[in-house]
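Throughout, protein chains are lettered first and strands after them, A, B, ... in sequence-line order, and every chain is numbered starting at 1. Note that the coordinates shown come from a computational prediction; the quantities given were computed from them, not determined experimentally.
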Number of protein chains: 2
Amino acid sequence: MLARAGDEGGGIHVVRTTVQDVARAAGVSVSTVSRALTGGIVSPATREAVLEVATRLGYQPNRAARGLITGRTGNLGLIVPDLRNPFFADVAKGVTARARAVDHGVFITDTDEDPVAELEALATLGRNTDGVLLCSPRASDADLLAAADPETTVLLHRRVPGLPSVVADIAGGIRQAVRHLRALGHRRIAYVCGPEDSWAAQQRLAALSTAGDLELLPLGGLAPTFDGGLLAGDLVLDSPVTAVLAYNDLVALGVLHRLAARGAVVPERMSVVGFDDVSLAAMSHPPLTSVAVPKDRAGAVGLDLLLGRTGATAEREMVLPTGLVVRASSGVARP
Amino acid sequence: MLARAGDEGGGIHVVRTTVQDVARAAGVSVSTVSRALTGGIVSPATREAVLEVATRLGYQPNRAARGLITGRTGNLGLIVPDLRNPFFADVAKGVTARARAVDHGVFITDTDEDPVAELEALATLGRNTDGVLLCSPRASDADLLAAADPETTVLLHRRVPGLPSVVADIAGGIRQAVRHLRALGHRRIAYVCGPEDSWAAQQRLAALSTAGDLELLPLGGLAPTFDGGLLAGDLVLDSPVTAVLAYNDLVALGVLHRLAARGAVVPERMSVVGFDDVSLAAMSHPPLTSVAVPKDRAGAVGLDLLLGRTGATAEREMVLPTGLVVRASSGVARP
DNA sequence: GTGAAAGCGCTAACAC
DNA sequence: GTGTTAGCGCTTTCAC
């Protein structure tokens, strides 16, 4: 596959097989090689011969060179705030899986929650890929609109008018969670709010506000993390609620943890419901009831949208259904 | 940043700024633009002028074209079995963070635990990047040696003679865990084995075998997952051990879960120690004692190795230290 | 210090 | 059906 040749510098120099090499070895022209490899019009015999030589030489096309002429690099970009967050890990998984299926490469940029890095990455990737999938919970609509080309960008888990997007039906999810809790007899519930500047957090709060016939205690100013959940745990125990709905599963896990530490049995003393249904939700004790968000599917759908593989219509805003996964952390209210 | 021009097809066509455009606008030649942008010899005045025009036009270099001539793409590849596994998510985080710092792009391929996909990805990425970081717990040494170019590949968390690698001091970690348990009075412990074909699993078992003065009960044939841990939980309760060391934290979490469900209090009835110290370890109930493996650092170090940024010596095998993080899941043995 | 020109590896007209 | 040639966007000799 690789040949090494001596180098004046005394080092080792790796020489890679090119179309030229294949053409020479197969006794045809470079264009014939190109055609044989990319599915152009070639005689079956020639194609087979070229293919044979190509594999024998371990030829791997240089995608950069190909992209230079075709205008398509065969690469995509994915920008996420934090790969360590299981939510985004799931999204990334969905994207890479689909990309592999359609033979595309994926550049992943982890911006470490920094909106500036997000915009930078968008500029760089926008130039060097066929399109980019962007998870940007924090950046402003204006910044996004200014930095993103609607032709080659798809927003994931966020909607901004003017930009294609794939989002989950958050309101529907909230509605199911609330209905579930009401059916269990809960009338007063706490809601651990997400970051005020987060689009998803705003969606949840809005959906919750319209869920009437329920006394809602919003708990704000907490980090959307396990630690934030620990704090929230004490707050809910200090309030007259019988259930708590968390901004996401990480927070819910923190609540669960604090409740256990304080000896408050879940769900007897307090019901806990999470959001996102990351894989951890099934691993907690007790297992966490959570609103299931199609994270990986959103990634895959976004990719299809980007590549125009999606249905004929110019559907630029996809809403994916959510569901409620009932586990052991929610139960009947005991006043 | 982007200009749109009408297209005969009636569609919209995105035109990107090139060196040509910048040169024209700045009233200089393309080579001067190139020099100004890449730090060549240009008069300060010219450089400033070019830079100004470039930013005004939103010029972003086409890395593919640049790579075609320089031979360096500025891109790296990372191959992992599963991004959803927090262990690899951490590795990926370390790689992307370091890559961003040195201004490189990262292609991430999730092979879905498929060794064949791993080798394919290696071939493709090897051709289209400056080097690849490979997490391949399962592939055989021979396959790896055949497919990987030692000049442009670094193995992460695995050692194969002949290939550069970055590994954690697994034996040291095992030793610390064992010493900890012994100090707490444990004399009979169970070990939940990892997959037999996994390099890391073999390392752990080997290190454990030499940890004398301890009765070891190996539990094999279990998946290295939460579910595998659930099964292991019942097995340990059915055996005369007072502590269990798990292949990794996911397994340990499963054990913890099953123990709790069966009413076995941790650590009073049974001590549990995990491996890897993924972020979940701190979120379990009780928080999990675990061997800390520098996952993200391994990624960063591997990247430096690849780019030759590491110390002068031709050190091709790095061993990173491990540590033991003692949390509440381990305590004194009660016979 | 700057410009003209060659060419990286590849595909897409265009001839034959 | 196949070969020849131009050129994608960029860097890098080589003259000046």
Side-chain angles (χ1 to χ4, degrees), chain A residues 1-3 5 8 13-51 53-54 57-75 124 126-130, chain B residues 2-3 8 13-51 53-54 57-75 124 126-130:
Chain A
M1 155 186 283
L2 296 169
E8 311 75 37
H13 177 71
V14 179
V15 178
R16 296 179 136 114
T17 325
T18 73
V19 263
Q20 305 271 8
D21 302 323
V22 178
R24 205 174 305 125
V28 294
S29 76
V30 286
S31 44
T32 300
V33 172
S34 173
R35 279 189 284 256
L37 261 30
T38 55
I41 301 167
V42 210
S43 86
T46 318
R47 155 163 294 128
E48 198 181 340
V50 171
L51 255 42
V53 173
L57 264 44
Y59 171 76
Q60 286 284 125
N62 181 333
R63 293 196 179 208
R66 174 180 292 175
L68 208 48
I69 169 111
T70 60
R72 335 198 81 255
T73 59
N75 294 145
T124 311
R127 180 67 163 106
N128 293 291
T129 61
D130 295 345
Chain B
L2 296 170
E8 312 74 37
H13 176 72
V14 178
V15 179
R16 294 178 138 115
T17 321
T18 73
V19 263
Q20 305 271 8
D21 303 324
V22 178
R24 206 173 306 126
V28 294
S29 74
V30 286
S31 40
T32 300
V33 173
S34 173
R35 279 188 284 256
L37 261 29
T38 56
I41 300 168
V42 209
S43 85
T46 316
R47 155 161 294 128
E48 198 181 342
V50 171
L51 255 44
V53 173
L57 263 44
Y59 171 75
Q60 286 285 123
N62 181 333
R63 293 195 180 208
R66 173 179 293 174
L68 208 47
I69 169 115
T70 60
R72 335 199 80 255
T73 60
N75 294 145
T124 312
R127 181 66 164 103
N128 293 291
T129 62
D130 296 344

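Phosphate proximity of C:dT2 to B:Ser43: present, with a side-chain N or O under 4.0 Å from OP1 or OP2. Taking 4.0 angstrom as the limit, A:Thr46 places a side-chain polar atom (N or O) nearer than this to OP1 or OP2 of D:dT2.
In this entry the distance linking CG of A:Leu68 with P of C:dC8 reads 13 Å, nearest Å. To the nearest angstrom, P of C:dT11 lies 9 Å from CD1 of A:Ile69. At whole-Å resolution of the value, CZ in A:Arg72 and P in C:dG9 are 24 Å apart. The interatomic distance linking B:Leu37 (CG) with D:dT12 (P) rounds to 13 Å, in whole Å. For B:Gln20 and D:dG9, the CD to C1' distance is 8 Å, given to the nearest whole Å. Distance CG (B:Asn128) to C1' (C:dC8): 14 Å, rounded to an integer number of Å. The CG atom of B:Asn62 sits 9 Å away from the P atom of D:dT11 (whole-angstrom rounding). Rounded to an integer number of Å, the gap from CG of B:Asp21 to P of D:dC8 is 12 Å.
Residue B:Arg127 is classed as a sugar-phosphate contact, given heavy-atom separations below 4.0 Å to backbone atoms only. Using a 4.0 Å heavy-atom cutoff across all strands shown, B:Thr32 reaches sugar-phosphate atoms only and no base atom.
You'll find that the side chain of A:Ser31 is closest to D:dT4, out of D:dG9, D:dT12, D:dT4. The B:Ser29 side chain lies nearest to C:dA4 when the options are D:dT4, C:dA4, D:dG9. Of the candidates D:dG3, D:dC8, D:dT11, D:dT11 carries the atom nearest the B:Thr70 side chain, counting heavy atoms from C-beta on. The side chain of B:Arg66 has D:dT11 as its nearest neighbour among D:dG7, C:dC8, D:dT11. Distances from the side chain of B:Ile41 to the nucleotides C:dT11, C:dG1, D:dT11 place C:dG1 closest.
With hydrogens and angles ignored, the 3.5 Å screen pairs a side-chain donor or acceptor of B:Asp130 with a backbone N or O of B:Thr73.
Between B:Val53 and B:Val22 the shortest heavy-atom distance is CG1-O, 3.9 Å. Shown here for A:Arg66 and A:Pro61, the closest heavy-atom pair between the two residues is NH2-CB, 3.6 Å.
Comparing A:Thr18 and A:Arg35, the nucleotide of DNA chain C nearest to each residue sits closer to the 5' end for A:Thr18.
A donor-acceptor contact under 3.5 angstrom links the side chains of A:Ser43 and A:Thr46, judged on distance only.
The shortest side-chain heavy-atom distance between A:Thr17 and B:Arg127 does not fall under the 4.5 Å cut-off.
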